[in-house]
Amino acid sequence: MVVRSFGPVIVIHGGAGKIAPDLVEARRAGIQAAATHGWQVLTAGGSAVEAVERAVRTLEDDPAFNAGRGACLNRDGEIELDASIMDGRNLAAGAIGAVKRIANPVTLARAVMEAGGPVLLVGEGARQFAAVVGIAECGADALITERQRARWATLQEENAVGVGTVGAVALDRSGHLAAATSTGGLPLKAPGRVGDSALIGCGTYADDQLGAVSCTGNGEAIIKLALAKTALEFLAVGEEPMTAARRAVGELTIRTGAGVGIILLDRYGRIGTARNTAQMACACIRNDNADPEFFD
Ligand SMILES: NC(=O)C[C@H](N)C(=O)O
């Protein structure tokens, strides 16, 4: 028998990979703040969609993460952002890819979802859509931190690993699930490259009948395995959330050898996480216990 979790649940990740020692504390504080903000939405009766958007916005605003302000720079020294959000209640989804000058890509992704037309808008078209829905552009430099600029200047393509993508999954009081993911992608990526974080079924998925997932790590490998949906298919055949997460990451590891991590919630509010990287900062709040739990 599955015991349904009482009260809402929110789980946050701050990216899979090796965290620079001087960023460990800032990342921990960031995911704690994001979990708390998402939790406040849920306990006030807000929806899972509102909660994951709120949590991801907190991390996009935090320069310690590779999303929004603080995102990594592409080959041309510019920031191009990917994000997506999905509502498990009705499979509504919205995503943006390779978008410049948007401080909170997850909010733009939500606007795409709510417009109810295309699921994914990229580049210039996404910027035009932002203007239509009243989401203001920021200056390109407003998103670039000194840390990322210095990294860009010294980094070689062969050791460019993006760490610090952010994501959230939530279950609200009404039993609805949602997921959201946001990233600057990989440092030195080709201009126009869109990664898994913008692709529904790859970096993000939510379905009330199954569960909700957010992924992080090597986007090309995540896309090839459609990792978010793959993990949920393991739930569909009866695996426990932790086993489903581990089997999905295990399969990706065998097939591609790439580094990834995922967070997962099933429809009962049970948590699954897995990674094959050195670290993945995670936090959750559940069971009306407002203190975040941390795990790695
Ligand atoms: N670090 C990351 O999670 C990067 C992201 N998955 C991408 O490939 O765009």
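As the structure is a prediction and not an experimental result, all values here were calculated from the model. Note that ligands are numbered from 1 as they come in the structure, with each ligand's atoms numbered from 1 the same way. One is the number of the first residue; the rest follow in order along the sequence.
Using 4.0 Å as the threshold, Lys189 has no heavy atom nearer than that to any atom of ligand 1. Every heavy atom of Asp82 sits 4.0 Å or more from the atoms of ligand 1.
Listed by number with element, the atoms of ligand 1 under 4.0 Å from a non-hydrogen atom of Asp196 are 5 (C), 6 (N), 7 (C), 8 (O), 9 (O). Within ligand 1, the atoms closer than 4.0 Å to a non-hydrogen atom of Thr165 are 1 (N), 2 (C), 3 (O), 4 (C), 5 (C), numbered from 1 in the order shown.
For atom 5 (C) of ligand 1, the nearest non-hydrogen atom from the set Gly164, Gly217, Gly195 comes from Gly217.
Contact check for Cys72 versus Leu186: no side-chain heavy atoms found under the 4.5 Å cut-off. In this structure, the side chains of Arg101 and Leu143 stay at 4.5 Å or more apart for every pair of heavy atoms.
At a 3.5 angstrom cut-off on N or O pairs, Glu220 does not count as close to ligand 1. For ligand 1, the polar-atom distance check finds no N/O of Asn66 at less than 3.5 Å from any of the ligand's N/O atoms. Polar contact check, Arg193 against ligand 1: a nitrogen or oxygen pair lies under 3.5 Å apart.
Comment: Glu60 does not engage Arg69 in a salt bridge, judged by the lack of any side-chain N to carboxylate O separation of less than 4.0 angstrom. Classification of Arg89 and Asp207 as a salt-bridged pair fails, no side-chain N sitting under 4.0 Å from a carboxylate O.
Linking Ile, Leu, Val, Met, Phe, Trp and Tyr residues whenever their side-chain heavy atoms come within less than 4.5 Å places Ile200 and Leu210 in a single cluster. Cluster annotation: Leu264 is not connected to Ile12 through the hydrophobic network of ILVMFWY side chains, with a link wherever side-chain heavy atoms come within less than 4.5 Å.
Counting only N and O atoms by type, the side chains of Thr181 and Ser84 include no donor and acceptor under 3.5 Å apart.
Looking at Met280 against ligand 1, nothing comes within 4.0 Å, counting heavy atoms.
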